[in-house]
Visitor: 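My structure is below; once you've seen it, I'll send some questions.
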Amino acid sequence: MSNSRLQTVQENLGCPPLQKVDPNTQEVKNNDSKPQEDRFTQAVFPTTRTALYKYSRADEGAETILHTELSTAWSDFIFGDHKEQVIGEIADYAGRTSEETVKKIKIVAVEAVRIIRERVTVNGSIIDLKNILADSRDDVLLYLPASMQIGKLLHDNALD
């Protein structure tokens, strides 16, 4: 899912645009005039997309993304044993409840998976899916605030 596909998910869901993380501070520039919804979007979109990438590295995860019902509770799959910690981190960053966060993650994941599946042709393989997700990993990380420590929670220190 390239950056443009990440933007497609945002646009399809009517969410505010993401802000790139400042390379010096590894944080999004704080702007008090931004509504709290912007922080929520900033936390959920890159975290969900990064977790989909990590989950797809295993063949079983890629198969799940490719073939599981879209209405699935994606946070159970993509965050695994760290679901509560990741949801808590997003909720804290965005000033939202865990329940709101789980709902938003599901909405974002369903749309992201739908778009990913569109890119994988009917005869596409899990390798195709893995390549699609890997192609934009670094671009998505431009939007993931380091203070959330998502890399630590997903056991990938390269993320923070």
Visitor: Return yes if some donor-acceptor pair links the side-chain N/O of Glu89 with the main-chain N/O of Gln149 below 3.5 Å, else return no.
Guide: no
Visitor: Return yes when atom CD of Glu63 has more than 12 non-hydrogen atoms of other residues, nucleotides or ligands closer than 6.0 Å, and no otherwise.
Guide: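 Buried by this count: over 12 neighbours within 6.0 Å.
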Visitor: If you measure from the Lys or Arg side-chain nitrogens to the Asp or Glu carboxylate oxygens, is any gap between Asp128 and Arg119 under 4.0 Å?
Guide: no
Visitor: Just so I know, are the side chains of Ile90 and Met148 near enough to count as touching, which here means a heavy-atom distance under 4.5 Å?
Guide: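 Sidechains of Met148 and Ile90: in contact.
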Visitor: I need the minimum non-hydrogen distance between Val21 and Tyr143, along with the two atoms involved.
Guide: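 Heavy atoms only, the tightest pair is CG2-C, 3.6 Å.
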Visitor: Looking at Glu99 and Lys103, does any basic side-chain N land under 4.0 Å from a carboxylate oxygen?
Guide: no
Visitor: With a 4.5 Å cut-off on side-chain heavy-atom distances among I, L, V, M, F, W and Y, is there a chain of contacts connecting Leu142 to Phe45?
Guide: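 Same hydrophobic cluster.
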Visitor: Any side-chain heavy-atom pair from His82 and Leu154 closer than 4.5 angstrom?
Guide: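 No - every pair of side-chain heavy atoms lies 4.5 Å or more apart.
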Visitor: Over all heavy atoms of both residues, which pair between Ala62 and Lys130 is shortest? Give the atoms and the distance, please.
Guide: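 Shortest heavy-atom separation between Ala62 and Lys130 comes out as CB-CE, 4.0 Å.
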Visitor: So do Ser75 and Lys106 actually touch side chain to side chain, heavy atoms under 4.5 Å?
Guide: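 No. Closest side-chain heavy atoms not under 4.5 Å.
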Visitor: If every non-hydrogen atom of Ile65 is compared with every non-hydrogen atom of Leu52, which pair is closest and at what distance?
Guide: CD1-O, 3.7 Å
Visitor: Flag the pair Ile115 / Asn12 as yes when at least one side-chain heavy-atom distance between them is below 4.5 Å, and no otherwise.
Guide: yes
Visitor: Is there side-chain contact between Trp74 and Thr64, with heavy atoms separated by less than 4.5 Å?
Guide: yes
Visitor: Do Ile116 and Leu70 belong to the same hydrophobic cluster, where Ile, Leu, Val, Met, Phe, Trp and Tyr are linked whenever their side-chain heavy atoms lie under 4.5 Å apart, directly or via other members?
Guide: yes
Visitor: Find out whether Cys15 and Glu111 are in side-chain contact, i.e. whether some heavy atom of one side chain is under 4.5 Å from a heavy atom of the other.
Guide: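 SC-SC contact between Cys15 and Glu111 ruled out.
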Visitor: Working to the nearest 0.5 Å, report the span between NE2 of His155 and CG of Asp81.
Guide: 8.0 Å
Visitor: Quick check: does any side chain N or O of Thr41 sit under 3.5 Å from a backbone N or O of Asp38, one acting as donor and the other as acceptor?
Guide: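 No; judged by distance alone, with no hydrogens or angles, the pair does not exist.
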Visitor: Going from CD1 on Ile150 to CG on Leu141, what distance comes out if it is rounded to the nearest 0.5 angstrom?
Guide: 11.5 Å
Visitor: Starting at CG of Leu153, measure out to CD of Glu84 and round the result to the nearest 0.5 Å.
Guide: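 Between atom CG of Leu153 and atom CD of Glu84 there are 12.0 Å.
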Visitor: Find the distance between CG (Leu129) and NE2 (His67) and round it off to the nearest 0.5 Å.
Guide: 9.0 Å
Visitor: Write down the atom of Ile87, the atom of Ile105, and the distance for their closest heavy-atom approach.
Guide: CG1-CD1, 4.0 Å
Visitor: Taking Phe77's backbone N and O only, do any of them form a donor-acceptor pair with Lys83's side chain (distance below 3.5 Å, no angle check)?
Guide: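 Judged by distance alone, no pair lies under 3.5 Å.
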Visitor: Taking all non-hydrogen atoms of both residues into account, name the closest pair between Thr72 and Thr68 and its distance.
Guide: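 The pair with the smallest heavy-atom distance is OG1-CG2, 2.9 Å.
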Visitor: Are the side chains of Arg117 and Arg114 in touch, meaning some heavy atoms are under 4.5 Å apart?
Guide: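 Contact flag for Arg117/Arg114 side chains = no.
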Visitor: State, to 0.1 Å, how close Leu133 and Tyr53 come at their nearest heavy-atom pair, and which atoms those are.
Guide: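 So the minimum-distance heavy-atom pair works out to O-CD1, 3.8 Å.
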